[in-house]
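These notes are about the structure you will find just below.
Values reported hereafter were calculated over all heavy atoms of this structure, with side chains retained and with hydrogens, waters and symmetry mates removed.
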Amino acid sequence: VDAAIGTEALLWNLMKIEHRRIVGRERRVEWSTQLRAREAMLPEDIRAALGRIVIASETGEDLNPYLSRELASDKAFKRNDLMLNELGVHHFHLGGGTNAKGLVTGRMELLFAYVTDDAVHFVEVFDHEAFGDERAFRIAQENWPHLFDGRRMGIAPSRSPQSITPEQRKALRRKRANVPVVATDGTLFLPPGGGILMSGMSPTILFGSDQILDK
């Protein structure tokens, strides 16, 4: 950490890390109907990896080794997880071992999930090309609509549930544009992760740090 930065920036760095990590506690696991329906068709090693995450979640084991490699370096606060900031989605690695830093090894497939204080919601297994895709949100909203009620927009539904391509959404993220996401039925929602500031940071970090500094 740059020793010359001020208190506010230092606090942002800390809160960026906390925002990306998952606080250790026992959580139940809920599967989307889509993932549960095709669980038996997944490769055996992926099913085994999902089983390990289930056990870790339900017993309160540390889930952070399954998350981004950046959490083991200063990239944890120097870079932003734009998918998490925008869509609120965590991605879990599904490798069969761990590396020298104790992080779960990676492979092409990832588990996309929404994590709350009391549950880990298994959305679907996608690959690395799905970071700009809204499918994870749509599946989660279909299965757990209560998670997103507060983000529902009170305007006319979209004509098309796929009005923005994954490539376009990635480009918009890079430009720090906040764009509604669309449910399967066309209902529009504000970015469920809270959105992205021009710095790439999550607004929840700015609001939280302002509250602390005000106190």
Return the CG to NE2 distance between L14 and H19, rounded to the nearest 0.5 Å. 13.0 Å
Pairs satisfying salt bridge (Lys or Arg N to Asp or Glu O under 4.0 Å), at least one member in residues 40-55, at least two apart: D45-R107
Using the rule salt bridge (charged side-chain N to carboxylate O under 4.0 Å, His left out), only one of R151, R174, R169, R176 pairs with E86; which is it? R169
N143 vs Q34, side-chain hydrogen bond (donor to acceptor under 3.5 Å, both in side chains): CA-CA, chis, key distance, verdict: CA-CA 9 Å; N143 284 269; Q34 291 87 340; 2.9 Å; yes
Do you reckon L84 sits in the same ILVMFWY cluster as L190, going by side-chain contacts under 4.5 Å, direct or chained? no
Shortest non-hydrogen pair, T116 vs R27, comes out as O-NE, 2.7 Å
Short question: side chain of Q168, backbone of T165 - any donor-acceptor pair under 3.5 Å? yes
With the side chain counted from C-beta on, respond yes when R152 and Q141 share a heavy-atom pair under 4.5 Å apart, and no when they do not. yes
For G200, is there any backbone N or O sitting under 3.5 Å from a side-chain donor or acceptor partner on N85? yes
Does V115 belong to the same Ile/Leu/Val/Met/Phe/Trp/Tyr cluster as V104, with side-chain heavy atoms less than 4.5 Å apart forming each link? yes
Keeping E142 on the side-chain end and T184 on the backbone end, is there a donor-acceptor pair under 3.5 Å? no
By salt bridge (Lys or Arg N to Asp or Glu O under 4.0 Å) - contacts of R21 (at least two apart): none
Apply the hydrophobic cluster definition, ILVMFWY joined by side-chain contacts under 4.5 Å directly or through others, and give me every member besides M41. none
In one Ile/Leu/Val/Met/Phe/Trp/Tyr side-chain cluster, 4.5 Å: V29, V125: yes
In chain order, what residues pass the salt bridge (Lys or Arg N to Asp or Glu O under 4.0 Å) check against D127, with sequence neighbours excluded? none
Which atom pair, heavy atoms only, marks the closest approach of R173 to F131? NH1-O, 2.7 Å
Holding to ring pair (Phe, Tyr, Trp, His ring centres under 6.0 Å), I want the full list of residues that pass it with F137, two or more places apart in sequence or in another chain. F148, F189
Does any pair with a residue in residues 112-123 pass salt bridge (Lys or Arg N to Asp or Glu O under 4.0 Å), and if so which ones, sequence neighbours excluded? R25-D117, R28-D118
A side-chain contact here means heavy atoms from C-beta on lying under 4.5 Å apart; do H121 and S32 qualify? no
Nonpolar side-chain network containing I196, other nodes, edges under 4.5 Å: L82
Answer yes or no: is there a side-chain heavy-atom contact under 4.5 Å between K16 and M201? yes
Under 4.5 Å between any side-chain heavy atoms of E134 and V182, yes or no? yes
Note: P203 and L197 closest approach over all heavy atoms is CG-CD2, 3.9 Å
Can you sort out the partners of F126 under ring pair (Phe, Tyr, Trp, His ring centres under 6.0 Å), two or more places apart, ordered by chain and number? F112
Which pairs of donor and acceptor atoms, one on a side chain in residues 87-98, lie under 3.5 Å apart (sequence neighbours left out)?
{"residue": "H90", "atom": "NE2", "partner": "R20", "partner atom": "O", "Å": "3.4"}
{"residue": "H93", "atom": "NE2", "partner": "R69", "partner atom": "NH1", "Å": "3.4"}

Going by salt bridge (Lys or Arg N to Asp or Glu O under 4.0 Å), name the residues that satisfy it together with K170, two or more places apart in sequence or in a different chain. none
Would you give the length of the straight line joining atom CG of D81 to atom OG of S202, rounded to the nearest 0.5 angstrom? 10.5 Å
Taking R79 for its side chain and E70 for its backbone only, find out whether a donor-acceptor pair lies under 3.5 Å. no
Nearest heavy-atom neighbours spanning P65 and G102: CB-O, 3.5 Å
CE of M153 to CD1 of I155, rounded to nearest 0.5 Å, is 4.0 Å
Rounded at 0.5 Å granularity, tell me how far CZ in R38 sits from OG1 in T33. 12.0 Å
Which atom pairs, donor and acceptor, lie under 3.5 Å between side-chain atoms of residues 205-215 and protein residues at least two apart or in another chain?
{"residue": "S209", "atom": "OG", "partner": "W12", "partner atom": "NE1", "Å": "3.0"}
{"residue": "S209", "atom": "OG", "partner": "I205", "partner atom": "O", "Å": "3.1"}
{"residue": "S209", "atom": "OG", "partner": "L206", "partner atom": "O", "Å": "3.0"}

Reported CG-to-CG distance for the pair L35 and L50, which is rounded to 0.5 angstrom: 6.5 Å
Qualifying residues under salt bridge (Lys or Arg N to Asp or Glu O under 4.0 Å), relative to D2, sequence neighbours excluded: none
When you compare the side chain of P192 with that of Y114, does any pair of heavy atoms fall below 4.5 Å? yes
For P191 against V179, the heavy-atom pair lying closest together: CG-O, 3.7 Å
Considering non-hydrogen atoms only, spot the tightest contact between A136 and V123 and give its length. O-CG1, 3.4 Å
Is there a path of hydrophobic side-chain contacts, each under 4.5 Å between heavy atoms, that joins Y66 and L111? yes
Under 4.5 Å between side-chain heavy atoms, counting indirect links through other Ile/Leu/Val/Met/Phe/Trp/Tyr residues: same cluster for L63 and I17 or not? no
Heavy-atom check, side chain of W144 versus side chain of E30, under 4.5 Å: yes
